[in-house]
Amino acid sequence: AVVSTQSTGRPRLLVTHVCRYMSTDVTPSEASIKAKLERSLKVKTIDVQDISGGCGAMFQIYVEAEDFNGMRPLQQHKLVKNILKEDVANMHGLTIKTQTTNR
């Protein structure tokens, strides 16, 4: 919520959309994204976090996959975004971190 004053000088409360997921369980969106990546890539390590409080609006994704070997980071990120293109279209924010398996 945000307090604003209009020309009257009186405080006015503007209510903003707030989502909260009150569980430590994986959200359905997190599970769906993780499953899509695991089906499409040879994943060694994966972590998908809904950082919007459960709304599914912002995600942080970490993927370590054999498929990334020999690819530059930008190519790795494009591959992840292509796999998730339908999901990405509905997101407000996305952070992707990738890692090859040849360290």
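What you are looking at is a predicted structure, and each value in this text was computed from that prediction instead of being measured.
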Can you give me every donor-acceptor pair (side chain of residues 77-87, partner residue at least two apart or in another chain, under 3.5 Å) with its distance?
| residue | atom | partner | partner atom | Å |
| --- | --- | --- | --- | --- |
| His77 | NE2 | Thr98 | OG1 | 3.3 |
| Asp87 | OD1 | Lys36 | NZ | 3.3 |
| Asp87 | OD2 | Lys36 | NZ | 2.7 |

Under the side-chain contact (heavy atoms from CB on, under 4.5 Å) test, residues paired with Gln49 that sit two or more places apart
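Gln49 satisfies side-chain contact (heavy atoms from CB on, under 4.5 Å) with Glu30, Asp47, Ile51, Gln60 once adjacent residues are dropped.
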By side-chain contact (heavy atoms from CB on, under 4.5 Å), which residues pair with Ile46, not counting sequence neighbours?
Lys34, Leu37, Glu38, Val43, Val48, Val63
Once you round to the nearest 0.5 Å, how far does CD of Gln99 lie from OH of Tyr62?
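Here the rounded value is 4.5 Å.
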Please give me the minimum heavy-atom distance between Val26 and Ala31, naming the atom from each residue.
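Heavy-atom minimum between the residues: CG1-N, 3.6 Å.
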Any side-chain heavy-atom pair from Ser29 and Phe59 closer than 4.5 angstrom?
yes
Would you check if Ile61 and Leu94 make a side-chain contact, meaning some heavy-atom pair closer than 4.5 Å?
yes
I'd like to check the side chain to side chain donor-acceptor pair (under 3.5 Å) partners of Thr101; sequence neighbours left out, ordered by chain and number.
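Side chain to side chain donor-acceptor pair (under 3.5 Å) list for Thr101, sorted by chain: Asn69.
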Transitively linked via ILVMFWY side-chain contacts under 4.5 Å: Val88 with Met58?
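No; Met58 is not reachable from Val88 via cluster members.
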Which residue pairs pass the salt bridge (charged side-chain N to carboxylate O under 4.0 Å, His left out) test with at least one member in residues 48-77, sequence neighbours excluded?
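Matches after skipping sequence neighbours: Lys44-Glu64, Glu64-Arg103.
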